[in-house]
Amino acid sequence: RPLSGTRGSRRVGASGCWRRQWKQLSRLQRNVILLLLAFLALCGLLSFVSLAEEWKALEGRSSEELNVRPANPPILPAPRKAEAKPETLPGGPPQRPQRHFRRGPPKLQMRAPESDAKDRGQDAAAPGAGAGGAGWEGAAQRTSWRGAATEPEQGTRDPLRKAEGTPKPSPQAARIPQDPAQQNERQQAVVEAFRHAWAGYHKFAWGHDELKPVSRSFAEWFGLGLTLIDSLDTMWILGLKKEFAEAREWVSEKLWFQKNVDVNLAFHLSGDDLFLEKAEDFGNRLMPAFQTPSKIPYSDVNIGTGVAHPPRWTSDSTVAEVTSIQLEFRELSRLTGNKKFQEAVEQVARHVHSLSGKKDGLVPMFINTNSGLFTHLGVFTLGARADSYYEYLLKQWIQGGKTETQLRDDYLEAVEGIRRHLLGRSEPRKLTFVGELAHGHFSAKMDHLVCFLPGTLALGAHHGLPADHMELARALMDTCYQMNRQMETGLSPEIAHFNLYSQKAAKDVQVKPADRHNLLRPETVESLFYLYRFTGERKYQDWGWEILQSFNAYTRVPSGGYSSIGNVQDARNPQPRDKMESFFLGETLKYLYLLFSDDPDLLSLDAYVFNTEAHPLPIWAPA
């Protein structure tokens, strides 16, 4: 009916209209609307409570404090300010780091109880280090305590007791030459690069997760000393026994209840029981992650409380997360005699094997921890979130003495799926690359992470898989080298797009502005190591030498350490990002050192298999 022009009459008329429309709705529709309104009200209340707490915390602080303190301060005490002005790389002040992915097992969200953090106090400070540096960009956020609360199992049994009848490592596994006098010139250059990076970490970030070399400070992810832990076996391989001993002392005295998943992997090289004991303790603390309806592990677990839960924003885990822990947990069971670690991860592997939603062996990127089913179907990539699933199919088969044929068959099917759906060729050099497939649409996009694949294919061919895998490995290795060579700095971007059309003066490798950063990643030099080890062709060593020289030219920080850079296409202004990832010491320099070695018995690939974080595990001898 017509409404008058007064404000009150409009309200009455609108109210009556709404009542009639409401009554015309079904009971189900009305219930859904009421539920949504209640949910929105709850969200608003929670947001208000959160903001109120932040406002209350800010009261009484000076403007200076507000400018320098992070909203979520790290658990460890703040570093002291640098005594001198930090040296800078060409290109001006560093940019704020962007979130990125790393290949390998999940870095589970871990936080010890507040009381433990307080008890540590200043224990993580570097011995004798005078300057900690300022700035907290990239510091870890406090993790949620919510989730399915379960008590971590505490191992009370002798951690070194072996299970009866468990596989034994290959007899070759103990042969690790360690004579620094036999290092060639290029290996010595790697050792020098490691010492320079380690000096920066020791001086400005000792006991913390990552070095911020430009600001002479550090960043925390979990407060676990990730760089130190990640570097243990690299120091042993490079013959840096003094540095190794000092790092071991920190692990023994400072690690407390926070254990890094890769600690146990130094045990095989040094024979030191300390690392195995730490690894079993940490493994026990990770087990609550597997207590899900589907047995697909949660991505987040609190090792101090035993609380495990999915991320706040989803109940999904990535496929790479849940299928990149098998090598480590299987080996932990073999060493300790406790089969629960191996049983948990092999149950996950069997479940993923049985799932629908694959495409000729290719898997989606996400899996739901409640239903146990793949989600986001129809999207296939060998980059972030899926990459190491394929790597671990092959490496588990090798680790177990080539007896688990299901793993081999799944890997072979996946390689054929890659050939059929993901391979492309660029112009003008006809480079073979691995793209992505989204709901039938092919994209000529290739993450630098995918450069692990040439090495994996070569490893499979070496262990008796089809010879044409080596041909594909060579072709992809050329592509990964060109991803570096065609950049002005000689360093690969994080993501490349390949030109598919013949264009005058066009390069094969195209880079978008958001993708032109370099994080000191290892994947290219990792594959160069495998290709050289299996072919003996010197060009692979020469390509690795070029990359090392580029790291020294564009990422080395004079005061110690190496920094990721924001622009690989600008040699004059590479834009240092003030962050040295732990994998630069744990993986990149390790693979370069092994690449430059002419000794095939230095971590023989017939005796060891490297996990996705470049830590060597012994191959089990056939039963």
Side-chain angles (χ1 to χ4, degrees), residues 79-97 125-138 185-219 227-228 230-231 234-235 238 240 242-243 246 484 487-491 517-522 525 545-590 592-593:
R80 289 173 290 175
K81 292 183 178 180
E83 296 176 359
K85 183 178 180 180
E87 299 176 50
T88 59
L89 289 175
Q95 296 182 336
R96 183 177 182 85
W136 280 97
E137 284 184 294
E185 183 178 354
R186 289 182 173 181
Q187 285 181 301
Q188 290 172 5
V190 176
V191 172
E192 192 280 329
F194 184 97
R195 288 185 186 275
H196 180 78
W198 187 254
Y201 175 76
H202 188 279
K203 186 174 182 181
F204 304 120
W206 182 253
H208 297 285
D209 286 341
E210 292 177 336
L211 169 67
K212 299 180 69 176
V214 178
S215 61
R216 301 182 182 182
S217 181
F218 58 83
T227 294
L228 185 150
D230 230 5
S231 304
T234 304
M235 288 184 281
L238 271 57
L240 301 176
K242 178 182 177 182
E243 291 83 353
E246 189 172 19
N484 288 267
M487 299 300 110
E488 284 73 5
T489 60
L491 296 173
H517 51 287
N518 181 284
L519 304 178
L520 314 176
R521 286 199 185 277
V525 296
W545 181 245
E546 290 178 20
I547 293 173
L548 177 59
Q549 290 178 314
S550 292
F551 280 136
N552 281 326
Y554 299 106
T555 73
R556 184 177 173 118
V557 180
S559 57
Y562 290 74
S563 173
S564 55
I565 57 175
N567 190 351
V568 297
Q569 294 181 305
D570 192 339
R572 293 171 49 183
N573 182 19
Q575 300 175 15
R577 294 159 61 100
D578 195 18
K579 188 176 180 66
M580 185 177 77
E581 302 283 351
S582 67
F583 52 68
F584 181 66
L585 296 181
E587 303 180 53
T588 306
L589 292 182
K590 180 189 301 170
L592 281 168
Y593 182 85

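We number each residue from 1, following the sequence as shown.
Aromatic pair Tyr593/Phe194: centroids not less than 6.0 angstrom apart.
Between the CG atom of Asn518 and the CD atom of Gln569 there is a distance of 12.0 Å, given to the nearest 0.5 Å. Rounding to the nearest 0.5 Å gives a distance of 11.5 Å between CG of Leu211 and OG of Ser582. Atom OG of residue Ser231 and atom NZ of residue Lys590 lie 8.5 Å apart, to the nearest 0.5 angstrom. Remark: Glu210 CD to Ser217 OG distance equals 12.0 Å, nearest 0.5 Å. Here the CG-CG distance, from Leu592 to Leu548, works out to 5.5 Å after rounding to the nearest 0.5 Å.
Within the 4.5 Å cutoff, no side-chain heavy atoms of Tyr554 are placed close to those of Met487. Residues Gln575 and Asn567 have side chains in contact (heavy-atom distance under 4.5 Å, counting atoms from C-beta outward). Counting heavy atoms from C-beta outward, Asp230 and Leu585 have side chains that stay 4.5 Å or more apart. Within the 4.5 Å cutoff, no side-chain heavy atoms of Val568 are placed close to those of Pro574. At a threshold of 4.5 Å between non-hydrogen side-chain atoms, the residues Arg216 and Val557 do not count as touching.
Between the side chain of Thr489 and the backbone N or O of Ala571, no donor-acceptor pair lies under 3.5 Å.
Between His208 and Phe218, the ring planes lie parallel to each other; the angle is under 30°, not in the 30° to 60° tilted range. Ring orientation note: the planes of Phe584 and Tyr562 are tilted relative to one another, at an angle of 30° to 60°.
One finds a salt bridge joining Arg556 and Glu192 here, because a Lys/Arg side-chain nitrogen approaches an Asp/Glu carboxylate oxygen to under 4.0 Å.
For the residue pair Glu246/His202, the side-chain donor-acceptor check at 3.5 Å is satisfied.
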